[in-house]
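Indexing begins at 1, ligand by ligand and atom by atom, following the structure's order. The structure displayed is predicted, hence computed values, not measured ones. We count residues from 1, following the sequence as given.
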Amino acid sequence: MDDLQNTAEKIRTMEIRGAGRIAVAASAALRDHARTLSSLSIEEFNRRIEEAAKTLVDTRPTAVSLPNAVSLTKRHSAGNVPDAIEEIVKNSENFIRNAEEALDKIGRIGAERIRDGDVIMTHCNSHAAISIIRTAFDQGKDISVIATESRPRRQGLITIRELNDYGIPTTLIVDSAVRLTMKEADLVVVGADSISINGALINKIGTSQLALAAREARRNMIVAAETYKFSPRTLLGEMVEIEDRASEEVIDPGILKELPNVKVKNPAFDVTPAEYIDLIITEAGAFPPAMAYTIIKDYLGLELAV
Ligand code: RUB
């Protein structure tokens, strides 16, 4: 298996996971792949880059960070292969540097919203959300976190380990304890796989129940999202596809075999409507969800939609 196929496989099997990390890994894989194609004609080079881009994008359907990263990396205007490789390498270096800087900026901007003494509920494992929590903690704020387990893949266990290592007091809850526990939280901070043109958030399954419970308890629902998590394609009316994953993640296949009348549904993400979101923290500032169009237009470029 070559390096590109290897990265694609790691994304497909979720060894590399989380919208930000998928995007960075795909951009790096495309950059390295481009370097291996130096002996080709420009036509063949372009064809192989398109093929590689498709291999990466087809690994997981929901996080728009993946096609955005691949599109921003692969575009070049060169008429020969060495120049095309140089452009692609530069694109990738820019993308990866910006992605890293974005996480720091989101941390700083988001931490402004966290007060001393706050209890923050989070879901799944989001580097952008954790950047906010960690920055607030580093500023000396006395905060603690309630982290959901995030069935079925239990990414919450990654979150509690990371928070523990930073020394942040953390309580783990099962997903079904979200509503009961919301009254103990002061606000919710989650990440994003995609944000659509109408400001809806697509994130790990169960995010929308945090949003519902937060609304009911009058707690703020804050989304931490780099601008490359906004979906230009939704501008053309395209819906964000919700990934359906294997039943094995939910129930032992042996048990399922004994239950001929039972099937399993395992959607990996859900949609939280814009009305349930108070603020989206990006590296460019804090925006209400109604500003999604402007973010796509000003920070991503409308040409990514086509
Ligand atoms: C991960 C998930 C995360 C977002 C944001 O889903 O839903 O909340 O991707 O993460 P999965 P980040 O584990 O299925 O990839 O802020 O790290 O990009």
| When you look at Tyr228 and Phe95, which way does the ring-ring contact (aromatic ring centres under 6.0 Å, His included) test go after all the steps? | CA-CA 10 Å; Tyr228 67 81; Phe95 180 80; 4.9 Å; yes
| Below 4.5 Å, heavy atoms only, C-beta onward: do Glu243 and Arg60 meet side chain to side chain? | yes
Could you list each N/O atom of ligand 1 together with any protein N/O atom closer than 3.5 Å, one pair per line with the distance?
residue	atom	partner	partner atom	Å
ligand 1	7 (O)	Asp193	OD1	2.7
ligand 1	7 (O)	Asn203	OD1	3.2
ligand 1	7 (O)	Lys204	N	3.3
ligand 1	8 (O)	Asn203	OD1	2.8
ligand 1	9 (O)	Ala19	N	2.8
ligand 1	9 (O)	Asp193	OD1	3.2
ligand 1	9 (O)	Asp193	OD2	3.1
ligand 1	13 (O)	Arg17	NE	2.4
ligand 1	13 (O)	Arg17	NH2	3.2
ligand 1	13 (O)	Gln155	NE2	2.8
ligand 1	14 (O)	Arg60	NH1	3.4
ligand 1	14 (O)	Arg60	NH2	2.8
ligand 1	14 (O)	Lys204	NZ	2.7
ligand 1	15 (O)	Gly18	N	2.9
ligand 1	15 (O)	Arg60	NH1	2.8
ligand 1	16 (O)	Ser126	OG	2.7
ligand 1	16 (O)	His127	N	3.2
ligand 1	16 (O)	Ala128	N	3.1
ligand 1	17 (O)	Arg21	NH2	2.8
ligand 1	17 (O)	His127	N	2.7
ligand 1	18 (O)	Ala19	N	3.4
ligand 1	18 (O)	Gly20	N	2.7
ligand 1	18 (O)	Lys229	NZ	2.9

Note to self: Any salt bridge linking Arg47 with Glu51? Criterion: basic side-chain nitrogen under 4.0 Å from a carboxylate oxygen.
What the structure shows: yes
When the side chains of residues 213-226 are checked against the rest of the protein, which donor-acceptor pairs come out under 3.5 Å, sequence neighbours left out?
residue	atom	partner	partner atom	Å
Arg215	NH1	Glu275	O	3.4
Arg215	NH2	Glu275	O	2.5
Glu216	OE1	Arg179	NE	2.8
Glu216	OE2	Arg179	NE	3.3
Glu216	OE2	Arg179	NH2	2.6
Arg219	NE	Ala185	O	2.5
Arg219	NH1	Ala217	O	2.6
Arg219	NH2	Lys183	O	2.9
Glu226	OE1	Lys229	NZ	2.3
Glu226	OE2	Lys229	NZ	3.4

Indicate yes or no: does Arg97 engage Glu100 in a salt bridge with an N to O separation below 4.0 Å. no
Tell me, do Asn164 and Thr170 make a side-chain contact under 4.5 Å, heavy atoms counted? no
